[in-house]
Amino acid sequence: MTAAGSATRPVIEVRDLTMAYGDVAVLRGVDLDIHRGEVFALLGPNGAGKTTTVEILEGFRRRSAGEVRVLGVDPERGDDAWRGRIGLVLQSWRDHRRWRVAELLTHFAVYYPDPRDPAELLALVGLTEQAARQVDRLSGGQRRRLDVALGIVGRPELLFLDEPTTGFDPEARREFHVLVERLARDEGVTVLLTTHDLAEAERLADRIAMLVAGRIRACGTPAELARRAAAQAEVRWTDGDGTRRRERTEDPSRLVWELHQDADGPIAGLEVRRPTLEDTYLHMVNHEDGEERAA
Ligand SMILES: Nc1ncnc2c1ncn2[C@@H]1O[C@H](COP(=O)(O)OP(=O)(O)OP(=O)(O)O)[C@@H](O)[C@H]1O
């Protein structure tokens with residue numbers, strides 16, 4: 001690969017990724033391209049396969065089939081130099097409860113060739129006042145920020161955040177969002193975050209992929225996804241015999257006009273509704289096996 005080629009190549013490339021635990025298929029042909037400097041959200045309900053996907057990309061799990069490249073390397077063959085370019089913020093807290101915050105960062109910094117200064121890092125994640133505190137005395141939100149600090153101490157090009165704000169109060173969540181935005185905007189870090197919170201994905205991500213039952217059911221910018229969701233209106237009305245009816249259509253005025261022609265008078269109980277992105281997402285989650293697409 002030439003230097004120019006590697007500059008334009010996606011940071012993460014996934015083709016037809018499948019994964020089964022025993023005979024249970026969890027990922028059923030996932031395709032993804034994530035570009036340098038993007039904040040990309042993998043959105044899906046519990047059990048959709050988000051953590052499995054991320055663990056495969058991080059090199060912690062062997063896939064069943066498919067092509068995967070992360071920073072140009074197959075994660076199953078990633079060496080220490082490759083690992084040093086990646087930052088991880090995992091779902092479960094590692095066990096360093098007795099360490100003090102600043103000590104822990106200093107300890108991990110030595111593993112990297114060009115680490116961030118621990119004091120600057122503490123300021124960046126808003127933990128300066130807690131520098132001398134033991135890890136097991138931190139609140140849940142403060143621990144999560146320490147997780148992020150540990151994830152970025154080695155100046156990674158790519159940061160994985162697995163359900164980063166679970167258990168955060170609204171204030172901690174907002175501060176965390178500002179931190180992620182700053183990393184992406186000011187430092188060009190590519191961020192892949194998993195979440196089951198649509199509002200968080202819309203707020204943070206340049207692009208969202210909706211993973212439901214091991215398949216990407218829709219992928220695009222929040223605005224694109226919202227536009228596609230709203231393209232099909234739902235028209236509801238009550239028939240002459242009192243039956244409640246509903247129909248999805250891209251041309252609601254035509255349907256209403258036809259109903260008006262047929263009805264002998266006003267259309268009873270008429271409603272025309274444009275689905276929101278949330279309606280579409282919930283519909284996908286609640287009809288997992290259906291092939292209906294928002295894309
Ligand atoms: N090691 C494993 N062995 C067997 N099944 C597993 C294993 N890990 C995960 N699974 C199953 O695979 C499916 C996907 O799990 P995964 O953790 O990837 O989902 P997720 O989208 O991250 O969910 P959550 O939001 O709950 O973390 C689930 O049905 C889970 O029970």
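For ligands, and for the atoms within them, numbers begin at 1 and follow the listed sequence. What you are looking at is a predicted structure, and each value in this text was computed from that prediction instead of being measured.
Atoms of ligand 1 lying under 4.0 Å from any heavy atom of V26, numbered from 1 in the order shown and given with element: 12 (O), 13 (C), 14 (C). Contact atoms of ligand 1 toward E163: 24 (P), 25 (O), 27 (O) (distance under 4.0 Å to a heavy atom of the residue). Atom numbering of ligand 1 starts at 1 in the shown order; those under 4.0 Å from a heavy atom of T52 are 15 (O), 16 (P), 18 (O).
Looking at ligand 1, you'll find an N or O of A48 within less than 3.5 Å of one of its N or O atoms. For ligand 1, one of its N or O atoms has an N or O atom of G47 under 3.5 Å away.
A donor-acceptor contact shorter than 3.5 Å links the side chain of E76 to the backbone of R63.
No donor-acceptor contact under 3.5 angstrom links the side chains of T194 and E163, judged on distance only.
The stretch residues 118-134 participates, sequence neighbours left out, in these side-chain hydrogen bond (donor to acceptor under 3.5 Å, both in side chains) pairs: Q134-D136.
Electrostatic pairing of R69 and E13 does not count as a salt bridge here, judged by no charged N lying under 4.0 Å from a carboxylate O. Under the 4.0 Å criterion applied to side-chain N and carboxylate O atoms, R236 and E234 are assigned as salt-bridge partners.
Using a 4.0 Å cutoff on heavy atoms, P45 counts as a contact of ligand 1. Residue contact check for ligand 1: G49 places a non-hydrogen atom closer than 4.0 Å to it.
Taking H107 as the reference, W99, Y111 meet the side-chain contact (heavy atoms from CB on, under 4.5 Å) condition, with sequence neighbours excluded.
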